[in-house]
Number of protein chains: 2
Amino acid sequence: MATSSDTDSSNPKRDQILKTGRELFWKFGFRRVTVEELCREAGVSKMTFYKYFSDKMDLAKTIMNDFGEESIARYRAIMDSDLSYPEKVYRLLRLKKEQTEAMSDEFFRDYTSQADPEMLEHVQEMSAGVFQMFMDDFSKAQQEGDIRKDVKVEFILYFLNHMMEMVQDEKLLALYDTPQDLAMEFINFFFYGLIERDRK
Amino acid sequence: MATSSDTDSSNPKRDQILKTGRELFWKFGFRRVTVEELCREAGVSKMTFYKYFSDKMDLAKTIMNDFGEESIARYRAIMDSDLSYPEKVYRLLRLKKEQTEAMSDEFFRDYTSQADPEMLEHVQEMSAGVFQMFMDDFSKAQQEGDIRKDVKVEFILYFLNHMMEMVQDEKLLALYDTPQDLAMEFINFFFYGLIERDRK
DNA sequence: GTAAGATAATACATATTTCGTACAATAATA
DNA sequence: TATTATTGTACGAAATATGTATTATCTTAC
C-alpha cells in the first residue's frame, strides 16, 4: 500500500496538487480530468506532479485514502464525544450530508472502475471498518439505553442513508413552508420514535 | 445559421439526444463529454447521432440556441404579463437563478472558446436582443411610474446580476436565521428603495 | 406476411488528446 | 556560489475520440 499519502511532510506544491485534485475530481470525476489540466489549475509543472505522484491514479488513491481517514476520524470524534445520543446522530447526519455533497458520484464510480484491486480492497476495508464501528457504537447505545433494544441496526443504517434524500424530496418539500421544517420533522420523528420511552 | 434546431418536427430519438446533451453538457461542459458517451447515455447509436447532428458542436449550437430562445420567450412572457412590476422583477430573479443553476460555467466557457465565430456572433446577438428588451421595458416602467426616474439602468442590471450571489454570501447568511430571511431582506430593499414613493 | 425505412452493432481508418519522460533554462535557497 | 526545486518546451508512444461504412435487426404501414 505504498501511496504517496504515507509521508505527510507538509509540502506546499504537493498540497496544492492534492487540493486541486480534490476540487476537480470532486466536480468532474476521475477520467474527465487530465494531468495537464490539473497542473495548470494547480499552478504547477507536469514534472513537479510526477515528482510527487507516480500517475493520476496515485493521486486519486491518495485523495481517497485521505478522505477515508478523515471521515473515520470525524466519525470517531463525534461518537467519542460527551454529546447526548440525539446530538451525536444529528451531527452524523450533518457529516454525511457534507461529505456526500463534496464527493461526486462521478469520482467514486470512475475510481472504483479503474482503481487496481488492491486499492479497492483497501477502500472496502475502510468501509467495513466504519461499519463495524457503527455496529459497536450502536450496541453500546442500546446497552446504555439510548436506543430501544428491539430496533435492528440495519434499519438505522438504511434510515440514515436515506434521510438526506428524503428531506430533499420535492413532493415532501411541497408540504412544508421551508426545507428546514421538513428536516426538523424527520429529526423529531427519528428521535421520538426511537428513543427509549423512559428517557427525557 | 443552419443548425439542426430549425426543423423541430418532434422526433423521439433526436429529442432524447438533445435532452442527454443538455444534461451532460450542463454538468461537465462541452469538451469533457464525448459523442460515444453521449450516445450511450441517450440510448442511441452513433449512426443515429450523426444522422441528426453533423457533429458535437452542432448539437451544442442547437442546445445553446434552444436555450437562448427559451430564455427570451420566458423573459417576454413575464414582462408582457399583467403582473405588478415588483412581481415581474421577482419572477425575473427566479428565472435567472433557475437558469444560472442549470447552465454550468463550464459549458459556456468551452462553448465560447470552441464555437465558430458565426455562432458566437449569434449568441451575442441574442444577448444584445435581451439587453435591448430589458432597456425598453425599463424605459416603459419608468414612464409608467413603476420605477424612479433618476435610477440608471446600469445600476439595475448590476444589482440583478449580483443579487443571487449576494443572497448566498456566507457572511451575510450568518446574520439571518434562514436563507429565506436574507432573500426577503434583499427583495424588500430592492423594491422599497426603488419604487416610486407615491405608489402603494 | 412483407417491403421500406429507421436504428443498432460492429469494425475501422483517421485525427486528436493524453501520457510520461527528457532536457535545458530559470527561480529559490542555504 | 553551489545546490536543489521548479518551470517550460518538446516529443514519441499510447490511449481515446471521431466520423464513416457495412451488415444485421427492429418497426411499422400496407
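As the structure is a computational prediction, the values presented were derived from the model and not from experiment. To find a chain, count down the sequence lines: A is the first, B the second, and so on, and within it residues start at 1.
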Within the 6.0 Å centroid threshold, strictly below: B/Phe30 and B/Tyr111: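 No.
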A/Trp26 ring center near A/Phe108 ring center (under 6.0 Å):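 No; A/Phe108 has its ring centre 6.0 Å or more from that of A/Trp26.
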Interatomic distance where [atom1] belongs to [X] and [atom2] belongs to [N] [whole Å]:
| X | N | atom1 | atom2 | result |
| --- | --- | --- | --- | --- |
| B/Phe49 | D/dT20 | CZ | C1' | 14 Å |
| B/Ile17 | D/dG19 | CD1 | P | 14 Å |
| A/Glu36 | D/dT9 | CD | P | 12 Å |

Plane angle bin for A/Phe53 and A/Phe49 - parallel if under 30°, tilted between 30 and 60°, otherwise perpendicular: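 Geometry flag for A/Phe53 against A/Phe49: tilted rings.
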Nearest heavy-atom neighbours spanning A/Tyr75 and A/Leu95: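 Looks like N-CD2, 4.1 Å.
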Minimum heavy-atom distance between A/Asp110 and A/Arg32, given as atom pair plus value: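 Taking every non-hydrogen atom into account, OD2-N, 4.5 Å.
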Near-strand residues of residues 26-35 of chain B, defined as heavy-atom separation under 4.0 angstrom from DNA chain D: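 B/Thr34, B/Val35, in order of number.
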Opening and closing nucleotides of DNA chain C in contact with chain B, under 4.0 Å to non-hydrogen atoms: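 Contacts span C/dA6 to C/dA9, reading 5' to 3'.
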Between B/Gln16 and B/Thr20: side-chain donor-acceptor atoms closer than 3.5 Å: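 There is such a pair (donor and acceptor under 3.5 Å, judged by atom type) between the side chains of B/Gln16 and B/Thr20.
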Below 3.5 Å is the cut-off: list the nitrogen or oxygen pairs between protein and nucleotides 3-7 of chain D, distance only.
{"residue": "D/dT6", "atom": "OP2", "partner": "A/Lys51", "partner atom": "NZ", "Å": "3.2"}
{"residue": "D/dT6", "atom": "OP2", "partner": "A/Tyr52", "partner atom": "OH", "Å": "3.0"}
{"residue": "D/dT7", "atom": "OP1", "partner": "A/Lys13", "partner atom": "NZ", "Å": "2.9"}
{"residue": "D/dT7", "atom": "OP1", "partner": "A/Gly43", "partner atom": "O", "Å": "3.3"}
{"residue": "D/dT7", "atom": "OP2", "partner": "A/Ser45", "partner atom": "N", "Å": "3.0"}
{"residue": "D/dT7", "atom": "OP2", "partner": "A/Ser45", "partner atom": "OG", "Å": "3.4"}
{"residue": "D/dT7", "atom": "OP2", "partner": "A/Thr48", "partner atom": "OG1", "Å": "2.6"}

